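Note that this is a predicted model, so its numbers are computed, not measured. Residue numbers begin at 1 in each chain, while the letters A, B, ... track the order of the sequences.
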Amino acid sequence: MNKTNFALIDCNNFYVSCERMFRPDLWQKPVAVLSNNDGCIVARSNELKNLGVVMAAPYFKQKEILDKIGCVIFSSNYTLYNDISNRVMAIIATFFDKIEIYSIDEAFVELPQWSAEEMQEVCMELKNTVWKWLNIPISIGVGPTKTLAKLANEKAKKDGRKDNLYNGYYRVEKNDDLESILATVEIRDVWGIGRKYAKKLTENGIYTAWDFVRADSAWVKKNFSVMGARTQKELTGQTYYGLEEKASRQGIASTRSFGRPVTALKDLMEAVSSYTTIAAQKLRKDGLETNCLSVFLMTNRFKINFVYANLDVKLVQATNSTHVLATEALKLVKKIYKPGLNYAKAGVFLTNLHSQDEVAYSLFESENRDLDKEKRAMTALDTINKKFGRDALKLLSNGIAKPWQMKQTQVSPKITTSWQELMTADS
DNA sequence: TCTGGGGTCCTAGGACCC
DNA sequence: TCTGGGGTCCTAGGACCC
(Lines give C-alpha, C1' and ligand atoms only; values in the text may rest on other atoms or scores of the structure.)
Protein backbone atom coordinates (compact mmCIF):
# COMPACT_ATOMS: atom_id res chain seq x y z
CA MET A 1 0.00 0.00 0.00
CA ASN A 2 1.31 3.38 -0.97
CA LYS A 3 0.83 5.95 1.74
CA THR A 4 3.05 8.66 0.32
CA ASN A 5 1.73 12.17 0.70
CA PHE A 6 2.76 15.23 -1.22
CA ALA A 7 2.64 18.80 -0.05
CA LEU A 8 2.51 21.80 -2.32
CA ILE A 9 4.02 24.86 -0.72
CA ASP A 10 3.06 28.08 -2.43
CA CYS A 11 4.01 31.67 -1.63
CA ASN A 12 0.92 33.89 -1.53
CA ASN A 13 0.89 36.71 -4.10
CA PHE A 14 4.62 36.14 -4.34
CA TYR A 15 5.92 39.21 -6.20
CA VAL A 16 3.61 41.46 -4.18
CA SER A 17 4.83 39.86 -0.95
CA CYS A 18 8.45 40.41 -2.03
CA GLU A 19 7.76 44.11 -2.56
CA ARG A 20 6.04 44.30 0.82
CA MET A 21 8.97 42.68 2.63
CA PHE A 22 10.74 46.00 2.94
CA ARG A 23 7.64 48.13 3.00
CA PRO A 24 5.48 47.25 6.01
CA ASP A 25 3.45 50.34 5.20
CA LEU A 26 2.11 48.45 2.17
CA TRP A 27 0.74 45.51 4.13
CA GLN A 28 -2.79 46.83 4.29
CA LYS A 29 -2.66 48.55 0.90
CA PRO A 30 -3.55 47.23 -2.56
CA VAL A 31 -0.39 46.43 -4.52
CA ALA A 32 0.20 45.25 -8.10
CA VAL A 33 3.36 44.13 -9.91
CA LEU A 34 3.62 44.61 -13.67
CA SER A 35 5.25 42.41 -16.29
CA ASN A 36 8.41 43.30 -18.12
CA ASN A 37 7.70 46.42 -20.09
CA ASP A 38 4.97 47.40 -17.59
CA GLY A 39 2.38 45.90 -19.94
CA CYS A 40 0.40 43.41 -17.85
CA ILE A 41 -0.46 42.87 -14.22
CA VAL A 42 1.35 39.69 -13.14
CA ALA A 43 0.89 39.80 -9.38
CA ARG A 44 -2.03 41.11 -7.39
CA SER A 45 -2.60 41.61 -3.69
CA ASN A 46 -5.81 40.13 -2.27
CA GLU A 47 -7.54 43.50 -2.57
CA LEU A 48 -7.13 43.32 -6.37
CA LYS A 49 -8.10 39.66 -6.58
CA ASN A 50 -11.28 40.40 -4.68
CA LEU A 51 -11.99 43.25 -7.09
CA GLY A 52 -11.86 40.75 -9.94
CA VAL A 53 -8.59 41.93 -11.52
CA VAL A 54 -7.35 38.85 -13.38
CA MET A 55 -3.85 37.50 -13.94
CA ALA A 56 -2.06 39.08 -16.93
CA ALA A 57 -4.71 41.77 -17.34
CA PRO A 58 -3.40 44.65 -19.51
CA TYR A 59 -2.39 47.42 -17.13
CA PHE A 60 -3.76 50.27 -19.25
CA LYS A 61 -7.25 48.77 -19.04
CA GLN A 62 -7.15 48.60 -15.23
CA LYS A 63 -5.24 51.78 -14.49
CA GLU A 64 -8.29 53.89 -13.75
CA ILE A 65 -9.78 51.59 -11.16
CA LEU A 66 -6.38 50.93 -9.57
CA ASP A 67 -5.73 54.65 -9.21
CA LYS A 68 -9.12 55.08 -7.62
CA ILE A 69 -8.41 52.58 -4.84
CA GLY A 70 -4.90 53.94 -4.29
CA CYS A 71 -3.11 50.86 -5.57
CA VAL A 72 0.70 50.95 -5.35
CA ILE A 73 2.31 49.79 -8.60
CA PHE A 74 5.73 48.17 -9.09
CA SER A 75 7.61 47.19 -12.24
CA SER A 76 8.83 43.62 -11.91
CA ASN A 77 12.18 43.14 -10.21
CA TYR A 78 13.20 39.57 -10.99
CA THR A 79 16.59 39.93 -9.37
CA LEU A 80 14.82 40.52 -6.08
CA TYR A 81 12.20 37.78 -6.61
CA ASN A 82 14.79 35.18 -7.54
CA ASP A 83 16.83 36.02 -4.51
CA ILE A 84 13.85 35.75 -2.14
CA SER A 85 12.75 32.56 -3.89
CA ASN A 86 16.14 30.96 -3.22
CA ARG A 87 15.83 31.85 0.44
CA VAL A 88 12.33 30.40 0.73
CA MET A 89 13.44 27.19 -0.98
CA ALA A 90 16.46 26.95 1.31
CA ILE A 91 14.19 27.08 4.35
CA ILE A 92 11.87 24.43 2.87
CA ALA A 93 14.88 22.22 2.21
CA THR A 94 15.79 22.33 5.91
CA PHE A 95 12.35 20.85 6.73
CA PHE A 96 12.08 18.20 4.00
CA ASP A 97 14.59 15.91 2.29
CA LYS A 98 12.75 15.50 -0.98
CA ILE A 99 11.92 18.76 -2.68
CA GLU A 100 10.96 19.66 -6.23
CA ILE A 101 11.19 23.35 -7.03
CA TYR A 102 8.23 23.68 -9.34
CA SER A 103 8.32 27.39 -10.07
CA ILE A 104 9.71 30.60 -8.62
CA ASP A 105 7.09 30.56 -5.86
CA GLU A 106 6.11 26.89 -5.53
CA ALA A 107 7.68 23.64 -4.36
CA PHE A 108 6.40 20.11 -4.02
CA VAL A 109 7.78 17.99 -1.19
CA GLU A 110 7.28 14.36 -0.32
CA LEU A 111 6.18 13.82 3.26
CA PRO A 112 7.50 10.94 5.35
CA GLN A 113 4.93 8.46 6.68
CA TRP A 114 3.63 10.77 9.37
CA SER A 115 0.35 10.91 11.21
CA ALA A 116 -2.15 13.60 10.26
CA GLU A 117 -1.21 15.57 13.37
CA GLU A 118 2.51 15.42 12.60
CA MET A 119 1.97 16.58 9.03
CA GLN A 120 -0.04 19.56 10.16
CA GLU A 121 2.37 20.42 12.95
CA VAL A 122 5.47 20.38 10.73
CA CYS A 123 3.75 22.28 7.92
CA MET A 124 2.56 24.98 10.31
CA GLU A 125 6.06 25.26 11.74
CA LEU A 126 7.43 25.74 8.22
CA LYS A 127 4.79 28.37 7.51
CA ASN A 128 5.64 30.23 10.70
CA THR A 129 9.37 30.04 10.07
CA VAL A 130 9.14 31.47 6.54
CA TRP A 131 6.95 34.23 7.90
CA LYS A 132 9.27 35.01 10.81
CA TRP A 133 12.50 35.00 8.81
CA LEU A 134 11.35 36.51 5.51
CA ASN A 135 7.90 38.05 6.06
CA ILE A 136 6.61 35.95 3.17
CA PRO A 137 3.20 34.33 3.70
CA ILE A 138 2.81 30.80 2.34
CA SER A 139 -0.01 28.27 1.96
CA ILE A 140 0.40 24.52 2.15
CA GLY A 141 -1.83 21.83 0.65
CA VAL A 142 -1.35 18.13 1.32
CA GLY A 143 -2.73 15.15 -0.57
CA PRO A 144 -1.93 11.63 -1.76
CA THR A 145 -1.17 12.90 -5.29
CA LYS A 146 0.35 16.08 -6.65
CA THR A 147 -2.97 16.99 -8.27
CA LEU A 148 -4.81 16.65 -4.95
CA ALA A 149 -2.06 18.52 -3.09
CA LYS A 150 -2.47 21.33 -5.60
CA LEU A 151 -6.22 21.27 -5.09
CA ALA A 152 -5.77 21.29 -1.32
CA ASN A 153 -3.45 24.25 -1.66
CA GLU A 154 -6.07 26.21 -3.60
CA LYS A 155 -8.51 25.56 -0.76
CA ALA A 156 -5.99 26.59 1.87
CA LYS A 157 -5.24 29.79 0.01
CA LYS A 158 -8.72 30.79 -1.10
CA ASP A 159 -10.48 30.09 2.15
CA GLY A 160 -7.60 31.75 3.97
CA ARG A 161 -8.25 34.84 1.90
CA LYS A 162 -11.79 35.16 3.15
CA ASP A 163 -11.75 34.42 6.85
CA ASN A 164 -8.62 32.44 7.61
CA LEU A 165 -10.74 29.32 7.90
CA TYR A 166 -7.91 26.85 7.39
CA ASN A 167 -5.02 29.02 8.50
CA GLY A 168 -3.23 28.41 5.20
CA TYR A 169 -3.12 24.65 5.63
CA TYR A 170 -5.45 22.08 4.12
CA ARG A 171 -5.18 18.34 3.65
CA VAL A 172 -7.11 15.97 1.42
CA GLU A 173 -7.05 12.37 2.51
CA LYS A 174 -7.68 9.47 0.17
CA ASN A 175 -10.12 7.94 2.62
CA ASP A 176 -11.97 11.21 3.07
CA ASP A 177 -15.28 11.57 1.44
CA LEU A 178 -13.71 12.72 -1.83
CA GLU A 179 -17.09 13.53 -3.29
CA SER A 180 -17.85 16.19 -0.71
CA ILE A 181 -14.54 17.93 -1.43
CA LEU A 182 -14.29 17.51 -5.20
CA ALA A 183 -17.90 18.51 -5.74
CA THR A 184 -17.04 21.98 -4.41
CA VAL A 185 -14.17 22.49 -6.87
CA GLU A 186 -14.99 23.97 -10.27
CA ILE A 187 -13.46 21.99 -13.12
CA ARG A 188 -11.53 25.01 -14.39
CA ASP A 189 -9.71 25.22 -11.05
CA VAL A 190 -8.22 21.74 -11.41
CA TRP A 191 -4.49 21.55 -12.14
CA GLY A 192 -4.08 20.35 -15.73
CA ILE A 193 -7.42 21.70 -16.93
CA GLY A 194 -6.94 24.95 -18.82
CA ARG A 195 -9.36 27.28 -20.55
CA LYS A 196 -9.94 25.14 -23.64
CA TYR A 197 -10.48 21.90 -21.75
CA ALA A 198 -12.74 23.57 -19.18
CA LYS A 199 -14.95 24.92 -21.95
CA LYS A 200 -15.22 21.54 -23.65
CA LEU A 201 -15.96 19.82 -20.34
CA THR A 202 -18.71 22.19 -19.27
CA GLU A 203 -20.25 21.86 -22.72
CA ASN A 204 -20.47 18.17 -21.93
CA GLY A 205 -22.13 18.72 -18.57
CA ILE A 206 -19.00 18.36 -16.44
CA TYR A 207 -18.84 21.27 -14.04
CA THR A 208 -16.89 20.08 -11.00
CA ALA A 209 -13.84 17.96 -10.24
CA TRP A 210 -16.23 15.30 -8.99
CA ASP A 211 -18.18 15.25 -12.29
CA PHE A 212 -14.84 14.75 -14.03
CA VAL A 213 -13.82 11.85 -11.78
CA ARG A 214 -17.07 10.09 -12.62
CA ALA A 215 -16.81 10.62 -16.39
CA ASP A 216 -16.07 7.61 -18.59
CA SER A 217 -12.29 7.20 -18.65
CA ALA A 218 -12.17 6.06 -22.30
CA TRP A 219 -14.10 9.17 -23.31
CA VAL A 220 -11.73 11.34 -21.27
CA LYS A 221 -8.68 9.80 -22.90
CA LYS A 222 -10.13 10.15 -26.38
CA ASN A 223 -11.05 13.80 -25.95
CA PHE A 224 -8.38 15.09 -23.58
CA SER A 225 -5.46 12.80 -24.41
CA VAL A 226 -3.34 11.02 -21.86
CA MET A 227 -2.87 14.26 -19.93
CA GLY A 228 -6.59 14.42 -19.16
CA ALA A 229 -6.62 10.74 -18.24
CA ARG A 230 -3.73 11.25 -15.81
CA THR A 231 -5.46 14.19 -14.16
CA GLN A 232 -8.59 12.09 -13.76
CA LYS A 233 -6.65 9.27 -12.10
CA GLU A 234 -4.75 11.60 -9.81
CA LEU A 235 -8.00 13.16 -8.62
CA THR A 236 -9.10 9.78 -7.32
CA GLY A 237 -5.89 9.43 -5.31
CA GLN A 238 -3.98 7.14 -7.67
CA THR A 239 -0.45 8.50 -7.96
CA TYR A 240 0.86 9.12 -11.44
CA TYR A 241 3.24 12.03 -11.02
CA GLY A 242 6.24 11.55 -8.79
CA LEU A 243 8.60 14.13 -7.37
CA GLU A 244 11.05 15.46 -9.96
CA GLU A 245 13.95 16.57 -7.90
CA LYS A 246 16.25 17.54 -10.73
CA ALA A 247 14.99 19.72 -13.50
CA SER A 248 16.56 19.04 -16.88
CA ARG A 249 16.12 21.56 -19.61
CA GLN A 250 15.15 20.97 -23.20
CA GLY A 251 16.07 24.44 -24.30
CA ILE A 252 16.83 27.93 -23.14
CA ALA A 253 15.02 30.98 -24.38
CA SER A 254 15.73 34.63 -23.82
CA THR A 255 13.27 36.96 -25.47
CA ARG A 256 11.95 40.43 -24.72
CA SER A 257 9.64 43.06 -26.08
CA PHE A 258 11.24 46.41 -26.71
CA GLY A 259 10.38 49.55 -24.80
CA ARG A 260 9.47 51.21 -28.10
CA PRO A 261 9.54 50.20 -31.78
CA VAL A 262 13.06 49.60 -33.08
CA THR A 263 14.07 50.12 -36.71
CA ALA A 264 17.88 50.37 -36.67
CA LEU A 265 19.97 47.27 -37.27
CA LYS A 266 22.49 48.46 -34.72
CA ASP A 267 19.88 48.53 -31.95
CA LEU A 268 18.59 45.08 -32.85
CA MET A 269 22.11 43.75 -32.73
CA GLU A 270 22.65 45.20 -29.27
CA ALA A 271 19.41 43.69 -28.00
CA VAL A 272 20.11 40.24 -29.43
CA SER A 273 23.63 40.38 -28.10
CA SER A 274 22.25 41.04 -24.62
CA TYR A 275 19.72 38.23 -24.83
CA THR A 276 22.44 35.85 -26.00
CA THR A 277 24.52 36.88 -23.00
CA ILE A 278 21.66 35.97 -20.66
CA ALA A 279 21.00 32.64 -22.39
CA ALA A 280 24.69 31.70 -22.34
CA GLN A 281 24.88 32.49 -18.62
CA LYS A 282 21.97 30.12 -17.96
CA LEU A 283 23.69 27.52 -20.08
CA ARG A 284 26.88 27.68 -18.05
CA LYS A 285 25.03 27.81 -14.74
CA ASP A 286 23.47 24.45 -15.59
CA GLY A 287 26.71 22.99 -16.90
CA LEU A 288 25.37 22.69 -20.43
CA GLU A 289 26.54 23.33 -23.97
CA THR A 290 24.61 23.86 -27.19
CA ASN A 291 25.26 23.50 -30.88
CA CYS A 292 21.99 24.93 -32.11
CA LEU A 293 21.09 28.59 -31.88
CA SER A 294 18.16 30.42 -33.39
CA VAL A 295 17.20 34.06 -33.49
CA PHE A 296 13.89 35.69 -34.29
CA LEU A 297 12.75 39.23 -34.94
CA MET A 298 9.13 40.28 -35.02
CA THR A 299 6.93 43.33 -35.38
CA ASN A 300 3.93 44.13 -33.18
CA ARG A 301 1.61 41.14 -33.35
CA PHE A 302 -1.43 43.28 -32.59
CA LYS A 303 -0.98 45.29 -35.76
CA ILE A 304 -1.73 44.38 -39.34
CA ASN A 305 1.17 43.32 -41.58
CA PHE A 306 2.63 41.46 -38.63
CA VAL A 307 6.05 40.03 -39.55
CA TYR A 308 7.87 37.20 -37.80
CA ALA A 309 11.14 35.88 -39.17
CA ASN A 310 13.69 33.54 -37.72
CA LEU A 311 16.85 31.72 -38.69
CA ASP A 312 18.94 29.12 -36.98
CA VAL A 313 22.46 27.84 -37.16
CA LYS A 314 24.02 24.51 -36.26
CA LEU A 315 27.47 24.89 -34.81
CA VAL A 316 30.13 22.35 -35.67
CA GLN A 317 31.39 22.58 -32.12
CA ALA A 318 29.06 22.70 -29.11
CA THR A 319 29.80 25.63 -26.85
CA ASN A 320 28.56 27.75 -23.95
CA SER A 321 30.74 30.71 -24.71
CA THR A 322 28.95 34.04 -24.74
CA HIS A 323 31.40 35.34 -27.31
CA VAL A 324 30.98 32.45 -29.77
CA LEU A 325 27.18 32.38 -29.44
CA ALA A 326 26.79 36.14 -29.71
CA THR A 327 28.93 36.20 -32.86
CA GLU A 328 26.66 33.61 -34.48
CA ALA A 329 23.52 35.33 -33.26
CA LEU A 330 24.59 38.64 -34.75
CA LYS A 331 25.24 37.03 -38.14
CA LEU A 332 21.66 35.78 -38.06
CA VAL A 333 20.27 39.18 -37.09
CA LYS A 334 21.98 40.74 -40.10
CA LYS A 335 20.43 38.14 -42.39
CA ILE A 336 16.92 38.46 -40.94
CA TYR A 337 16.85 42.24 -40.72
CA LYS A 338 14.68 44.17 -43.17
CA PRO A 339 14.99 47.96 -43.21
CA GLY A 340 11.81 49.90 -42.71
CA LEU A 341 10.09 47.50 -40.34
CA ASN A 342 9.13 48.54 -36.83
CA TYR A 343 10.44 45.70 -34.73
CA ALA A 344 8.69 45.09 -31.40
CA LYS A 345 10.42 42.03 -30.04
CA ALA A 346 13.42 39.77 -30.56
CA GLY A 347 14.72 36.61 -28.99
CA VAL A 348 17.29 33.86 -28.89
CA PHE A 349 16.68 30.15 -28.45
CA LEU A 350 19.31 27.58 -27.59
CA THR A 351 18.35 23.96 -28.20
CA ASN A 352 20.02 20.57 -28.46
CA LEU A 353 21.55 21.02 -25.03
CA HIS A 354 24.09 18.59 -23.66
CA SER A 355 25.98 18.34 -20.45
CA GLN A 356 29.43 19.91 -20.74
CA ASP A 357 31.00 16.61 -19.84
CA GLU A 358 29.31 14.52 -22.48
CA VAL A 359 29.88 16.80 -25.43
CA ALA A 360 32.04 15.15 -28.05
CA TYR A 361 34.75 17.42 -29.33
CA SER A 362 34.95 17.89 -33.03
CA LEU A 363 38.21 16.94 -34.63
CA PHE A 364 38.00 19.80 -37.04
CA GLU A 365 37.47 22.67 -34.67
CA SER A 366 39.74 21.79 -31.80
CA GLU A 367 42.84 22.70 -33.75
CA ASN A 368 41.50 26.11 -34.56
CA ARG A 369 40.34 27.24 -31.20
CA ASP A 370 41.76 27.13 -27.78
CA LEU A 371 38.82 25.61 -25.92
CA ASP A 372 40.44 25.73 -22.51
CA LYS A 373 41.15 29.37 -22.91
CA GLU A 374 37.52 30.02 -23.87
CA LYS A 375 36.32 28.10 -20.82
CA ARG A 376 38.60 29.94 -18.44
CA ALA A 377 37.44 33.26 -19.82
CA MET A 378 33.79 32.33 -19.27
CA THR A 379 34.41 31.11 -15.72
CA ALA A 380 36.14 34.38 -14.92
CA LEU A 381 33.27 36.34 -16.46
CA ASP A 382 30.68 34.54 -14.37
CA THR A 383 32.70 34.90 -11.18
CA ILE A 384 33.13 38.62 -11.62
CA ASN A 385 29.50 39.17 -12.52
CA LYS A 386 28.36 37.13 -9.52
CA LYS A 387 30.44 39.31 -7.27
CA PHE A 388 29.75 42.71 -8.74
CA GLY A 389 26.32 42.39 -10.33
CA ARG A 390 25.02 40.86 -13.52
CA ASP A 391 26.27 43.45 -15.96
CA ALA A 392 29.58 44.33 -14.37
CA LEU A 393 31.48 42.76 -17.25
CA LYS A 394 29.88 42.31 -20.61
CA LEU A 395 30.40 42.36 -24.31
CA LEU A 396 30.68 45.80 -25.83
CA SER A 397 28.22 44.63 -28.49
CA ASN A 398 25.45 44.62 -25.85
CA GLY A 399 25.38 48.37 -26.23
CA ILE A 400 25.61 51.22 -23.80
CA ALA A 401 22.80 53.59 -24.71
CA LYS A 402 20.21 50.80 -25.12
CA PRO A 403 17.29 52.62 -26.76
CA TRP A 404 15.61 49.20 -27.13
CA GLN A 405 15.55 48.50 -23.43
CA MET A 406 12.38 47.59 -21.60
CA LYS A 407 10.29 50.19 -19.90
CA GLN A 408 10.57 49.68 -16.17
CA THR A 409 9.36 52.87 -14.73
CA GLN A 410 8.61 51.81 -11.19
CA VAL A 411 11.16 49.21 -10.28
CA SER A 412 12.02 48.72 -6.62
CA PRO A 413 15.67 48.84 -5.48
CA LYS A 414 17.71 45.63 -5.55
CA ILE A 415 18.14 45.75 -1.79
CA THR A 416 19.00 42.12 -1.24
CA THR A 417 21.48 41.71 -4.07
CA SER A 418 23.07 45.10 -4.63
CA TRP A 419 25.09 46.77 -1.90
CA GLN A 420 25.02 50.02 -3.76
CA GLU A 421 21.24 50.17 -3.93
CA LEU A 422 20.96 49.11 -0.29
CA MET A 423 23.13 52.02 0.76
CA THR A 424 21.11 54.51 -1.22
CA ALA A 425 17.67 53.12 -0.41
CA ASP A 426 15.91 55.31 2.08
CA SER A 427 14.56 53.25 4.90
C1' DT B 1 -0.95 55.36 -26.93
C1' DC B 2 -0.45 50.87 -23.89
C1' DT B 3 -1.34 43.70 -24.73
C1' DG B 4 4.64 39.04 -20.28
C1' DG B 5 8.25 35.74 -20.70
C1' DG B 6 9.43 31.89 -19.81
C1' DG B 7 8.69 26.58 -19.82
C1' DT B 8 6.44 21.44 -20.37
C1' DC B 9 4.24 17.45 -22.71
C1' DC B 10 1.50 15.18 -26.33
C1' DT B 11 -0.28 14.26 -31.04
C1' DA B 12 -0.46 13.94 -35.91
C1' DG B 13 1.63 13.57 -40.12
C1' DG B 14 5.47 13.07 -43.32
C1' DA B 15 9.96 11.06 -44.58
C1' DC B 16 12.61 7.30 -44.47
C1' DC B 17 14.17 2.59 -43.41
C1' DC B 18 13.88 -2.48 -43.93
C1' DT C 1 -1.15 -11.36 -60.29
C1' DC C 2 -0.59 -9.49 -55.73
C1' DT C 3 1.31 -2.73 -54.45
C1' DG C 4 3.06 -4.20 -46.67
C1' DG C 5 3.43 -2.84 -42.26
C1' DG C 6 6.00 -1.51 -38.49
C1' DG C 7 9.56 1.31 -36.46
C1' DT C 8 12.03 5.70 -35.88
C1' DC C 9 12.93 10.39 -36.33
C1' DC C 10 11.59 14.99 -37.13
C1' DT C 11 8.49 18.99 -37.21
C1' DA C 12 4.51 21.78 -36.41
C1' DG C 13 0.86 22.75 -33.73
C1' DG C 14 -1.93 22.69 -29.72
C1' DA C 15 -2.77 22.04 -25.13
C1' DC C 16 -1.14 22.94 -20.40
C1' DC C 17 1.74 25.31 -16.36
C1' DC C 18 3.71 29.50 -13.61
Side-chain angles (χ1 to χ4, degrees), chain A residues 8-15 32-44 54-64 66 73-78 81-82 85 100-108 146-147 150-151 153-154 157 187-201 220-231 234 240-241 244 247-261 271 275 278-279 282 286 292 294 296 298-303 306 308 310 312 314 342 344-353 406-410:
Chain A
L8 176 65
I9 301 152
D10 188 322
C11 300
N12 303 348
N13 315 332
F14 183 56
Y15 300 164
V33 176
L34 305 181
S35 62
N36 276 331
N37 243 0
D38 294 348
C40 291
I41 297 169
V42 291
R44 307 149 290 156
V54 297
M55 177 66 177
Y59 173 50
F60 74 94
K61 285 188 182 167
Q62 305 288 338
K63 191 171 183 311
E64 199 173 331
L66 296 188
I73 310 284
F74 290 92
S75 299
S76 43
N77 180 347
Y78 288 102
Y81 310 150
N82 273 312
S85 173
E100 171 190 343
I101 297 172
Y102 180 69
S103 73
I104 192 167
D105 67 337
E106 277 175 82
F108 283 103
K146 281 171 141 185
T147 304
K150 190 91 184 169
L151 188 146
N153 185 282
E154 279 301 306
K157 217 177 347 178
I187 189 63
R188 60 164 191 204
D189 290 336
V190 171
W191 190 44
I193 306 294
R195 264 225 321 266
K196 288 274 169 74
Y197 281 6
K199 182 164 177 282
K200 201 158 140 191
L201 284 165
V220 168
K221 187 164 183 189
K222 183 160 172 274
N223 287 279
F224 304 93
S225 91
V226 298
M227 301 298 281
R230 286 173 191 165
T231 299
E234 285 239 329
Y240 178 84
Y241 297 111
E244 291 167 33
S248 67
R249 292 166 169 284
Q250 305 294 310
I252 292 174
S254 177
T255 73
R256 297 280 188 288
S257 303
F258 302 136
R260 58 178 169 77
Y275 306 158
I278 292 167
K282 284 189 193 170
D286 291 355
C292 184
S294 84
F296 74 85
M298 63 188 258
T299 60
N300 189 331
R301 70 173 187 277
F302 296 100
K303 296 219 162 114
F306 164 58
Y308 174 97
N310 76 311
D312 52 61
K314 294 254 190 300
N342 282 315
K345 185 174 175 178
V348 174
F349 295 102
L350 306 179
T351 51
N352 203 9
L353 309 183
M406 294 184 292
K407 278 184 289 196
Q408 286 197 307
T409 54
Q410 319 191 53

Practice problem: Send over the distance from A:Asn352 CG to C:dT11 C1', rounded to a whole Å. | Solution: 14 Å
Self-check item: Among B:dG7, B:dG5, B:dG4, the one nearest A:Ala253 by side-chain distance
Solution: B:dG7
Practice problem: Applying salt bridge (Lys or Arg N to Asp or Glu O under 4.0 Å), name anything that partners A:Asp189, two or more places apart in sequence or on another chain. | Solution: A:Lys158
Quiz item: Rounding to a whole Å, what distance do you find between A:Asn82:CG and B:dG5:P?
Solution: 16 Å
Exercise. Return the value, rounded to whole Å, for the distance between atom CD1 of A:Ile41 and atom P of B:dT3.
Key: 14 Å
Practice problem: Go through the structure and list residues passing side-chain contact (heavy atoms from CB on, under 4.5 Å) with A:Met227, not counting sequence neighbours. | Solution: A:Ser225, A:Arg230, A:Tyr241
Quiz item: Given Watson-Crick or G-U pairs with both distances under 3.5 Å, what dot-bracket string fits DNA chain B, with | for other-strand pairs and [ ] for crossing?
Solution: ....||||||||||||||
Exercise. Please state how far atom CG in A:Asp38 lies from atom P in B:dG5, giving the value in whole angstrom units.
Key: 11 Å
Self-check item: Whole-Å distance separating the CE atom of A:Met227 from the C1' atom of B:dA12
Solution: 17 Å
Quiz prompt | Phosphate OP1/OP2 of B:dG5 contacted by A:Ser254 side-chain N/O (<4.0 Å) | solution = no
Quiz item: When you check the phosphate oxygens OP1 and OP2 of B:dG7, does a side-chain N or O of A:Lys282 lie under 4.0 Å from one of them?
Solution: yes
Exercise. Could you tell me whether A:Ser76 contacts a base, only the sugar-phosphate backbone, or nothing, with contacts defined as non-hydrogen atoms closer than 4.0 Å?
Key: nothing
Self-check item: Non-neighbouring partners of A:Ser85 that pass side-chain contact (heavy atoms from CB on, under 4.5 Å), sequence neighbours left out
Solution: A:Phe14, A:Met89, A:Ile104
Quiz prompt | Contacts of A:Asp10 that satisfy salt bridge (Lys or Arg N to Asp or Glu O under 4.0 Å) - sequence neighbours left out | solution = A:Lys157
Quiz item: Is any side-chain nitrogen or oxygen of A:Arg260 closer than 4.0 Å to OP1 or OP2 of B:dT1?
Solution: no
Practice problem: For A:Ile104 and B:dG4, give me the distance from atom CD1 to atom P, rounded to whole Å. | Solution: 18 Å
Quiz item: Rounded to the Å, how far apart are A:Lys146 NZ and B:dT8 P?
Solution: 14 Å
Quiz item: Listed by chain and number, what are the salt bridge (Lys or Arg N to Asp or Glu O under 4.0 Å) partners of A:Lys303, not counting sequence neighbours?
Solution: none
Quiz item: Counting only heavy atoms not in A:Lys200, do more than 12 fall under 6.0 Å of its NZ?
Solution: yes
Practice problem: Let me know the distance between OH of A:Tyr81 and P of B:dG5, rounded to the nearest Å. | Solution: 15 Å
Quiz item: For A:Pro58, what residues pass the side-chain contact (heavy atoms from CB on, under 4.5 Å) criterion, not counting sequence neighbours?
Solution: A:Phe60, A:Lys61
Quiz item: Between A:Asn153 and A:Leu8, what is the shortest heavy-atom contact and its length?
Solution: ND2-O, 2.9 Å
Exercise. List for me each residue that meets salt bridge (Lys or Arg N to Asp or Glu O under 4.0 Å) alongside A:Lys196, sequence neighbours excluded, and say none if there are none.
Key: none
Quiz item: Are the ring centres of A:Phe349 and A:Phe296 closer than 6.0 Å?
Solution: yes
Practice problem: Counting heavy atoms from C-beta on, name the nucleotide in B:dC9, B:dT11, B:dG4 closest to the side chain of A:Ser225. | Solution: B:dT11
Quiz prompt | Comparing A:Lys303 and A:Lys221 on DNA chain B - which has the more 5′ nearest nucleotide | solution = A:Lys303
Quiz item: Among the nucleotides B:dC9, B:dT11, B:dG5, which one has an atom lying closest to any side-chain atom of A:Arg230?
Solution: B:dC9
Quiz item: Which is true for A:Lys345 with a 4.0 Å heavy-atom rule: it touches a base, it touches only sugar-phosphate, or it touches nothing?
Solution: sugar-phosphate
Quiz item: What string of B, S and - do you get for nucleotides 13-18 of chain C, 5' to 3', when a contact is any protein heavy atom under 4.0 Å?
Solution: --SSSS
Exercise. Using the C1' atoms only, state how far B:dC2 lies from C:dC18, rounded to an integer number of Å.
Key: 24 Å
